[in-house]
Undergrad: 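Right, I'll just put the structure down here and ask away after.
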Number of protein chains: 4
Amino acid sequence: MIFQIRPDSPIPIYEQIVTQVTFGIASGGLEPGTLIPSVRELAQTLLVHPNTVARAFQELERQGVVAARRGRGMEVTPEAPAACQKLRQDIVRGRIREALREAASSALPAEDVRLLVEEELARVNGQRRRK
Amino acid sequence: MIFQIRPDSPIPIYEQIVTQVTFGIASGGLEPGTLIPSVRELAQTLLVHPNTVARAFQELERQGVVAARRGRGMEVTPEAPAACQKLRQDIVRGRIREALREAASSALPAEDVRLLVEEELARVNGQRRRK
Amino acid sequence: MIFQIRPDSPIPIYEQIVTQVTFGIASGGLEPGTLIPSVRELAQTLLVHPNTVARAFQELERQGVVAARRGRGMEVTPEAPAACQKLRQDIVRGRIREALREAASSALPAEDVRLLVEEELARVNGQRRRK
Amino acid sequence: MIFQIRPDSPIPIYEQIVTQVTFGIASGGLEPGTLIPSVRELAQTLLVHPNTVARAFQELERQGVVAARRGRGMEVTPEAPAACQKLRQDIVRGRIREALREAASSALPAEDVRLLVEEELARVNGQRRRK
DNA sequence: GTGGTCTAGACCACT
DNA sequence: GTGGTCTAGACCACG
C-alpha cells in the first residue's frame, strides 16, 4: 500500500489515513490477517506525528476493521473487507452527493454542471491511466 | 435571496455565507449598486451571531465583490458579477474534482463511480424540479 | 475655496472638511468676518450628507474658529487665522512625525528612509507646480 | 522580536500586529521556517485578547507570509522575506506620501514643510541612537 | 440606522 | 500544547 498524505489538505491527516486504509482493505490490497505497519513505522514513512497515526488506528479499531494482536501488532479482521467495501461506497457517494448538492444550490444551469462533471471525470480517468 | 445555513456542516458558517452571497451575485439575484442585507438583519434571519456575518462580509469585501459605504451599508461592486461567476464555477468545479479524485483513489471501478455520479445527479435534479 | 473630499479615504469626511476649512483660514483664503457656505449648500456641492457637514461645522464652532451669527450663517472669527495657523502646523507636524516614527520602527536603514522622503517630497512639489 | 502596541492609536491593534510582524520578517528578525509566537503567548505579552492576535495572524496567513502548521503553530514561509521587504517599503512610503500630501494641501510654504521634515527626521534619528 | 474593533470565554479538532 | 470558530455583548465612528 502506498499512502498519499496531503498535510495541507483541509481533511485532517488522521482521517486521510483512516480512509486510505479503508480503501486499501476494500480494494483487496490489504487482506484479513495481514499485520498493518506499526504506529512508529508508519509515522516515520509518512513524516507524521506518531500520535496522529495512533489516532487513526484507534478509529480503525473502533470501526472493527483492524484489531490489536497482543505482542504482534494490528491485524486486518476477517469482517473488514465486506465492511470496508460498504464504507467505501458510502464515503464516495457522500462526497459526490455533497459536491452536486452545492452545484445545485449555486444556480448554475444543470447542463453546465453536467459539463463540469464530465470534464472532471475525464480528467481523473486520464490521470488514472497515466499512473 | 434565500440563504440556507447548515450550522452543523464542517464548513464554517461564515464561509457558507460567503459562498451563498457569491452564488447570489453570480446568478443575478444581487445586482451591482444594490445594498446587501445589513449585518444585523442577516444575522437575525440566519439565527447566527452578527460577528459571524460581519466576518463573512469582511471576506467578501476583501475579495472586492462588495464595498462598504460608510454609514449606509455594503454595496455590490460593478466588477462583482463577472468575478462571482468565475468564482462560482471554480468553487463548484473544485468540489467536484475533489470528490472524483477521492473516488479514483478508492480504487472503485470507473463504471461504479460513473453509476454513483449518475444516481446523485438524477437525485439532485429531481429535488430541484420538485422545489 | 475648493474642497477635495475623498469619500474612500480612511480619514472621516467630516474631519476632511474640518482640516480643509482650517487650512483655508490659515492660508488666508477665508478671512475673518466671511460667511462660510451653509450646511445645505456645502453638502450639495460636496455630494455629502448634510449631517456630515453639520458635524464638521459643529467641530469648527467648538474650536472657536467659526461662530454662528443668528439669521445670517456662520462667520469666521477674528481669532481664527492665528489659531488656524498654529493648528495647521501642529497637524502637519503630527502627521509627519507619525510617518517617520513608523519608518524608524520598521528597521529600514536611515538612509533608505531619507531617500523615500526625498522622493516623495519631490513628487509632491512636482504636483504642486503642475496645478 | 519586541512588539510595541499602542492601544489608543487610531490604527487597529490587529493591524499594528500585522505590520510589526511584517517588519520583523523584513528585517530578518523572523526567518523562514521559524514558528512565530503562539496566539496565546503573544496575547499575554501584548496584554490584548487572543482573538485580536488570531485575527492578525489570519491576515498574515492570507498574505502568504506565514502558514499554519496544524497543532504546532504558524511558520514563516520561504517567500515571506522578499514579500515583507516590499511590503515594508510600500507601507512606509505610503505613510510618508500621505503626510506630505496633506502638508502640500495645507498651503504651508514648501520651505516650511521641509523644515518640519528635517526637524522630525533629526528627532527620530536622535531617539534611535539613544536607544 | 450602518459597519468596525475589541474583550470575554466556550468548544472543537489536530499534534 | 496549537490554531479555528462561534456566541455574547460592549463601545465607537459615521451618515
Side-chain angles (χ1 to χ4, degrees), chain A residues 7-17 43 46-56 59, chain B residues 5 7-17 35-43 46-58 60-61 66-75, chain C residues 7-17 43 46-56 59, chain D residues 5 7-17 35-43 46-58 60-61 66-75:
Chain A
D8 292 333
S9 157
I11 299 170
I13 294 174
Y14 85 95
E15 201 178 318
Q16 293 183 44
I17 298 175
L46 297 184
L47 299 174
V48 152
H49 198 283
N51 285 354
T52 308
V53 179
R55 178 162 181 186
E59 178 66 15
Chain B
I5 296 300
D8 294 333
S9 159
I11 300 170
I13 295 175
Y14 80 92
E15 206 176 314
Q16 295 182 43
I17 297 175
L35 290 181
I36 64 178
S38 79
V39 168
R40 290 162 174 86
E41 190 185 334
L42 194 52
L46 298 183
L47 301 175
V48 301
H49 196 276
N51 284 354
T52 306
V53 179
R55 182 167 177 189
F57 282 12
Q58 278 165 4
L60 288 164
E61 186 173 25
V66 303
R69 296 282 167 247
R70 265 196 305 230
R72 290 200 293 132
M74 307 203 73
E75 195 177 297
Chain C
D8 292 334
S9 157
I11 300 171
I13 294 174
Y14 85 95
E15 201 178 318
Q16 293 183 44
I17 297 175
L46 298 183
L47 299 174
V48 151
H49 198 284
N51 285 355
T52 309
V53 179
R55 178 162 180 187
E59 178 65 15
Chain D
I5 296 300
D8 294 332
S9 158
I11 299 171
I13 295 174
Y14 80 92
E15 205 177 314
Q16 294 183 44
I17 297 175
L35 290 180
I36 64 178
S38 79
V39 168
R40 290 161 173 88
E41 190 186 334
L42 194 52
L46 297 183
L47 300 175
V48 299
H49 195 275
N51 283 353
T52 306
V53 179
R55 181 167 178 190
F57 282 11
Q58 278 166 2
L60 288 163
E61 187 172 24
V66 304
R69 296 284 166 244
R70 263 194 309 224
R72 292 199 292 132
M74 307 203 73
E75 197 178 295

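Below, read A as the first sequence line, B as the second, and so on, with proteins coming before strands; counting in each chain starts at 1. Just so you know, these numbers come straight off a predicted model, no measurement behind them. Values below: every heavy atom of this structure, side chains too, minus hydrogens, waters and symmetry copies.
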Undergrad: Any side-chain N or O of Arg70(D) less than 4.0 Å from the OP1 or OP2 oxygen of dT2(F)?
TA: no
Undergrad: Atom CZ in Arg72(B), atom OG in Ser38(B): separation rounded to 0.5 Å?
TA: 14.0 Å
Undergrad: Using a cut-off of less than 4.0 Å, is there contact between a side-chain N or O of Tyr14(D) and OP1 or OP2 of dC6(E)?
TA: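 Checking Tyr14(D) against dC6(E): no side-chain N or O falls below 4.0 Å of OP1 or OP2.
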Undergrad: Where the side chain of Pro12(B) is concerned, which of dC6(F), dG15(F), dG3(E) is the nearest nucleotide?
TA: dC6(F)
Undergrad: Mapping Glu15(A) and Gly73(B) onto DNA chain E by nearest heavy atom, which one lands closer to the 5' end?
TA: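 It is Gly73(B) whose nearest nucleotide is closer to the 5' end.
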Undergrad: When you get a sec, tell me which of dG15(F), dT5(F), dG3(F) is the closest nucleotide to the side chain of Gln58(D)?
TA: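 Between dG15(F), dT5(F), dG3(F), the one nearest the side chain of Gln58(D) would be dT5(F).
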Undergrad: Can you measure His49(A) atom NE2 to dT15(E) atom C1' for me and round it to whole angstrom units?
TA: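 In whole Å, dT15(E) C1' lies 6 Å from His49(A) NE2.
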Undergrad: For Asn51(A) and for Pro37(B), locate the closest nucleotide of DNA chain E by heavy-atom distance; then report the residue assigned to the nucleotide nearer the 5' terminus.
TA: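 In this pair, the answer is Pro37(B).
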Undergrad: First locate atom CG of Leu60(B), then atom CE of Met74(B), and finally report the distance between them rounded to the nearest 0.5 Å.
TA: 7.5 Å
Undergrad: Look at the side-chain N and O atoms of Thr52(B) and state whether any lies under 4.0 Å from the OP1 or OP2 oxygen of dT7(F).
TA: yes
Undergrad: Which residues satisfy the side-chain contact (heavy atoms from CB on, under 4.5 Å) test with Glu59(C), sequence neighbours excluded?
TA: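 By the side-chain contact (heavy atoms from CB on, under 4.5 Å) rule, Glu59(C) matches Val18(C), Arg62(C), Gln63(C).
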Undergrad: Could you tell me whether Arg69(D) contacts a base, only the sugar-phosphate backbone, or nothing, with contacts defined as non-hydrogen atoms closer than 4.0 Å?
TA: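 Here Arg69(D) touches no strand at all.
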Undergrad: In this structure, which stretches of DNA chain E are paired as stems of three or more consecutive Watson-Crick or G-U pairs, both distances less than 3.5 Å?
TA: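 Stem list for DNA chain E: E:1-14 with F:1-14.
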Undergrad: When you measure from the side-chain N and O atoms of Arg55(D) to the phosphate of dT5(E), is any distance below 4.0 Å, counting only OP1 and OP2?
TA: yes
Undergrad: For the residue pair Ala43(C) and His49(C), what are the closest heavy atoms and their distance?
TA: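 That closest heavy-atom pairing would be CB-C, 4.3 Å.
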Undergrad: Taking only residues two or more places apart in sequence or in another chain, which ones pass salt bridge (charged side-chain N to carboxylate O under 4.0 Å, His left out) with Arg69(D)?
TA: Asp8(A), Glu75(D)
Undergrad: Report the distance from atom CG of Leu46(D) to atom C1' of dC6(E), rounded to the nearest whole Å.
TA: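 Interatomic distance, CG of Leu46(D) to C1' of dC6(E): 14 Å.
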Undergrad: Which nucleotide in the list dT15(E), dG3(E), dT7(F) gets nearest to the side chain of Ile13(A)?
TA: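 From the listed options, dT15(E) comes nearest.
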Undergrad: To the nearest angstrom, how far is Ile11(A) atom CD1 from dG4(F) atom C1'?
TA: 17 Å
Undergrad: Please state how far atom CG in Leu35(B) lies from atom P in dG1(E), giving the value in whole angstrom units.
TA: 16 Å
Undergrad: With nearest nucleotide decided by heavy atoms, which residue, Gly71(B) or Gln16(B), maps closer to the 5′ end of DNA chain F?
TA: Gln16(B)
Undergrad: If you take atom types as modelled and just measure distance, does the side chain of Arg40(D) reach the base of dG3(F) with a donor-acceptor pair under 3.5 Å?
TA: yes
Undergrad: Measure the distance from CG on Leu47(B) to C1' on dA8(F) and round it to the nearest whole Å.
TA: 15 Å
Undergrad: To check you understand the geometry: which heavy-atom pair defines the closest contact between Ile11(A) and Arg70(D), and what is its length?
TA: O-NH2, 3.6 Å
Undergrad: Can you tell me how far CG of Leu46(C) sits from CD1 of Ile17(C), rounded to the nearest 0.5 angstrom?
TA: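 Separation between the atoms: 5.5 Å.
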Undergrad: Measure the distance from CG on Leu42(D) to P on dG1(F) and round it to the nearest whole Å.
TA: 16 Å
Undergrad: Please name the pair of heavy atoms, one in Tyr14(C) and one in Ala56(C), separated by the smallest distance, quoted to 0.1 Å.
TA: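 Between these two residues, the closest heavy atoms are O-CB, 3.5 Å.
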Undergrad: Please give, in whole Å, the distance from dT5(F) C1' to Ile5(B) CD1?
TA: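 Distance, rounded to whole Å: 14 Å.
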Undergrad: Give Glu61(D) one of three labels, base, sugar-phosphate or nothing, depending on what nucleic acid heavy atoms sit under 4.0 Å from its own.
TA: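 It contacts sugar-phosphate atoms only.
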Undergrad: To the nearest Å, how far apart are Arg72(B) CZ and dA13(F) C1'?
TA: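 Atom CZ in Arg72(B) sits about 16 Å away from atom C1' in dA13(F).
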